[in-house]
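Please read the structure below before turning to the comments.
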Amino acid sequence: MHNSPGFLAQLTPAQREAVEATEGPVLVIAAAGSGKTRVITRRIAHLVHLGIPPWQILALTFTNKAAGEMADRVRSLLGERDIDARGLTITTFHSLCARILRRYAEVLGVKGLDHTYSIYDSDDQSALMKRVLKRLDLSSGNFPPSTMLGRISNLKNQLVTVESAQGQAGDFFTRQVSRVYTAYDAALRENNAVDFDDLLMLTARLLREHPEVKAELQQRFTYLLIDEYQDTNHAQFLIASELADASKNICVVGDPDQSIYAWRGADISNILDFESQYPDARVIALGQNFRSTEYILKAADELIRNNEKRKHKDLYTEREGGVLPQATLCRDEHHEAEFVLDCFQRLHEEEGLRWSDMAVFYRTNALSRVMEETLRRAGVPYIVARGTAFYQRKEVKDALAYLKTITNPLDEISLRRIINLPARGISKTTMERLERFAIHTGTSLFEALRRVQEAPALNARAIASVQRFVSTVLGWQHEAHNTAIVSDSGDDGAATAHRFADFVRRVLTESGIEKHYKKLAVGEEDAQRLENLHELISSAADFALLWFSAENDEGRGVEIDRERPEQPTLLDVLRAWLEQVSLVADVDALDSEVGALSLMTLHAAKGLEFPAVAVIGLEEGLLPHGRSNESEDALEEERRLCFVGMTRAEQHLVMTCARRRTVRGVTQSSIASRFLGELPQDVVQFSDQSEVGYEFDDDADDPLDRARQEYPKGSMVRHPQFGVGRVHSCIPGGYVKIAFPTVGVKTLAIEYARLERVE
DNA sequence: ATGGCACTCCTTTTT
DNA sequence: GGAGTGCCAT
């Protein structure tokens, strides 16, 4: 037996088995909180310790955050024993595919796609889809872009090609979908662009159709590990299967009870059928929960038992007792937020929990707003898991569109975005004419811009403007292409970072967008925009520094990037940066070091844990979401979502629902979620606070009730300034709303308003 | 040509 | 409550 102290210590027999079963297919069913991350990281460390070259190991996750944390932990495990961890590939499915496609795009031989491709995010996708629908004359509204994109995404995840979609199309709607799919796909190729689903689909296709590439990659990666396997879709399944086909060293880790991405094409049968796919697979179940206290676990377990399509597995913990989870009915979303704040403030002050030990989860992003406002007012530091938010800001997208145009002038979505921003006299009419010219001559839009003099019906001013724009872009392109990014000697990365950031800065200046936003920057919001542009520049510098050290990390990316240019240029770094920027996830924004309370969707919460958790908005229509009414499967997924949220909690769990809630500006009364009814009464503390004021001291009588007694609805009061008015309502927090004939409805603080009852 | 304002419509979750 | 569109005034 190997003497590998450390990596096997402090593991249960099952965990240890999962770490040591290095050869052949392995399925680890890891229940919530069963030490999955511990097992995965030690398994990788163990492999390296056994002498497997790190670059032969590939670990795949769904988010950069998960990948980053995994890599950090493996590195520190190995670092403790002075083992070199360099060369490990721990990344997301999408990043891996993006890299593979950069390397093999030309081999793949898809017309219109080469290694300079752009990655379209959802905004770009929907911009492109709108153009496609317009061109097909389907922009009437019966075919909303989002629906179309959703359908196409499903097809791609199922690896259904344009051709087979056309073949299968049956009813009218499906036929239209396949028509749109065909046109949308063609449009992507015209732009030399791929969407997120293409990254997977095209990689799957590459592996299937090009045995020589497959063989190369199989040789490169002989040990494969996949996290959250229950959330893989068919394309991901195929990629994994193909990569593992030679070595059969594939270890998948997951939990069917935490499958929450079926709506995005995740196929739970990937994990359920693993054993029939690999009949000699080792199956290891990790059942003991090390995370949550007994009551929390019991409540979650009781809930998930309501799912009928499920193989039950017992959850057990040695952490007996604990604090009872609470389920509380609140008055409205403001009250709900105050209530959560109150609970957390108590934990912070009385139990010494740090803000970073706590998290609030919700079903939809829209629910974060009120919670955020409440926290801001209370001065509690918080962070919202919305990693994409920064890159979705208008000014940042504008800047990135300039950079994308430099790397890929065929990218029309980016080109259109910036062509007249800032306004440089290239009007809509001019663009329409140029577009017609492009179609007529069978060239790209950018090519048409280059040949603007040949285009008909353009005035001299427009031509001059276009020419100036084109030559600026060509100038950047030329420079980016011809500047070596790494200086010959003595560069520690700082020079590289500086050179890259400087280029980005110059693009922002010379394009005129910096000036454009500077001119606007009078208000606070506009100043923020300018600041964001500057932040983008420093993010470019940060990236270049990282890129530099990766580049000099011997053994890293050897085979995938084998044909990398000898002398990388500015353009290469720019491409790598834009790629990384395109693939950030919302959770990536979270950083437990910051010391802030975390706010995120239940989906983003998967894989995380916190000493204290609040799940808000447990109402019918919200959780389970209204859109899940259609099928029993969808409802069960909602229940799993709730389960995932609850099982993130280590010691304290608060669940809330509001009697009334304002959604999209309309206040509606709501019904408590059926999931609350499914929780066991004996280990969950239910309470109705909806009739109680904001004060939760049990013995203090309710100030709202008192106010209502003193100023009943409809009664008349006199105000020293406004005169006599009629009481409209009493508002929590010691306020009263009064309608005065003189000044209209006023909200006044009872304590200070010096009101007088009149008969 | 450009920018501002009022109108409508839509909203689940995400790489 | 937000984004996108279309119209109007500059």
Side-chain angles (χ1 to χ4, degrees), chain A residues 60-67 91-98 119-123 125-127 130 139 141 144-147 149-150 153 156-157 194-201 228 231-233 235-236 259-266 333 361-370 373 385-389 391-392 394 420-431 459 461-462 465 516 519-520 579-589 600-606 617 621-630 634 637-638 640-642 644-645 662-667:
Chain A
L60 293 175
T61 62
F62 279 84
T63 66
N64 298 302
K65 180 175 155 70
T91 187
T92 65
F93 264 104
H94 286 84
S95 302
L96 176 77
C97 290
I119 299 173
Y120 275 5
D121 66 17
S122 22
D123 282 352
Q125 282 185 56
S126 98
K130 280 173 195 161
S139 42
S146 56
T147 309
L149 284 169
S153 175
K156 289 187 177 182
N157 289 330
V194 300
D195 61 20
F196 294 132
D197 303 313
D198 279 339
L199 289 172
L200 304 176
M201 183 178 184
E228 307 284 8
D231 284 327
T232 50
N233 62 32
Q236 288 160 330
S259 149
I260 53 175
Y261 283 102
W263 57 273
R264 219 175 80 192
E333 66 270 32
F361 305 149
Y362 34 82
R363 177 64 234 264
T364 66
N365 277 308
L367 291 191
S368 76
R369 222 194 71 248
V370 175
E373 283 165 6
R386 224 177 276 153
T388 51
Y391 297 102
Q392 280 172 351
K394 185 188 176 310
N420 202 31
L421 193 129
R424 50 169 71 86
I426 303 175
S427 71
K428 227 167 138 182
T429 334
T430 306
M431 284 306 284
N459 62 43
R461 255 182 77 169
S465 302
H516 174 74
K519 206 167 59 195
L520 289 174
E579 176 173 305
Q580 191 208 263
V581 160
S582 305
L583 298 177
V584 293
D586 281 343
V587 252
D588 296 346
M600 73 193 83
T601 63
L602 285 160
H603 283 90
K606 188 182 66 167
L622 220 44
L623 183 64
H625 194 270
R627 292 281 276 260
S628 66
N629 279 333
E630 301 141 24
E637 179 150 313
E638 296 290 310
R640 289 193 293 270
L641 204 45
C642 189
V644 165
T662 305
V663 192
R664 310 170 238 178
V666 187
T667 307

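Lettering follows sequence order; numbering is per chain, from 1.
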Partner set under salt bridge (Lys or Arg N to Asp or Glu O under 4.0 Å) for [X], not counting sequence neighbours:
| X | result |
| --- | --- |
| E637(A) | R640(A) |
| D231(A) | K606(A) |
| R424(A) | none |
| D588(A) | none |

Q | Most 5' of E373(A) and D123(A) on DNA chain C, judged by nearest nucleotide | A |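 It is E373(A) whose nearest nucleotide is closer to the 5' end.
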Q. Is any side-chain nitrogen or oxygen of S146(A) closer than 4.0 Å to OP1 or OP2 of dT11(B)?
A. yes
Q) Quick one: side-chain contact (heavy atoms from CB on, under 4.5 Å) partners of V370(A), sequence neighbours excluded? A) E333(A), H334(A), A337(A), T374(A)
Distances under 3.5 Å between nitrogen or oxygen atoms of protein and nucleotides 13-15 of chain B:
unit_1	atom_1	unit_2	atom_2	d
dT13(B)	OP1	N365(A)	N	2.9
dT13(B)	OP1	N365(A)	ND2	3.3
dT13(B)	O4'	R363(A)	NH2	3.4
dT13(B)	O2	W263(A)	NE1	3.3
dT13(B)	O2	R363(A)	NH2	2.4
dT13(B)	O2	H603(A)	NE2	3.3
dT14(B)	OP1	T601(A)	OG1	2.8
dT14(B)	OP2	N365(A)	ND2	3.4
dT14(B)	O4'	R264(A)	NH1	3.2
dT14(B)	O2	R264(A)	NH1	3.4
dT15(B)	OP1	D586(A)	N	3.3
dT15(B)	OP2	D586(A)	N	3.3
dT15(B)	O3'	H94(A)	ND1	3.2
dT15(B)	O2	H94(A)	NE2	3.0

Q) Residues in ring-ring contact (aromatic ring centres under 6.0 Å, His included) with Y120(A), at least two apart? A) none
(Q) Restricting to ring-ring contact (aromatic ring centres under 6.0 Å, His included), what partner residues turn up for H625(A), sequence neighbours left out? (A)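 If we apply the ring-ring contact (aromatic ring centres under 6.0 Å, His included) test to H625(A), skipping adjacent residues, there are no hits.
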Are any protein N/O atoms closer than 3.5 Å to N/O atoms in nucleotides 1-3 of chain B? If there are, list each pair with its distance.
unit_1	atom_1	unit_2	atom_2	d
dA1(B)	OP1	S427(A)	OG	3.4
dT2(B)	OP1	G425(A)	N	3.3
dT2(B)	OP2	N420(A)	ND2	2.9

Q: For nucleotides dG6(C) and dT11(B), find the distance between their C1' atoms and express it as a whole number of Å.
A: 22 Å
Q: Quote, to the nearest angstrom, the P distance that separates dG4(C) from dT13(B).
A: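 Per the computed distance, 16 Å lies between those P atoms.
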Q: Could you tell me whether the side chain of H94(A) and the main chain of L199(A) form a donor-acceptor pair under 3.5 Å?
A: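 Side chain of H94(A) to backbone of L199(A), a donor-acceptor pair under 3.5 Å: no, none is there.
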Q. CD of Q392(A) versus P of dG2(C): gap in Å, rounded?
A.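 About 15 Å, once rounded to whole Å.
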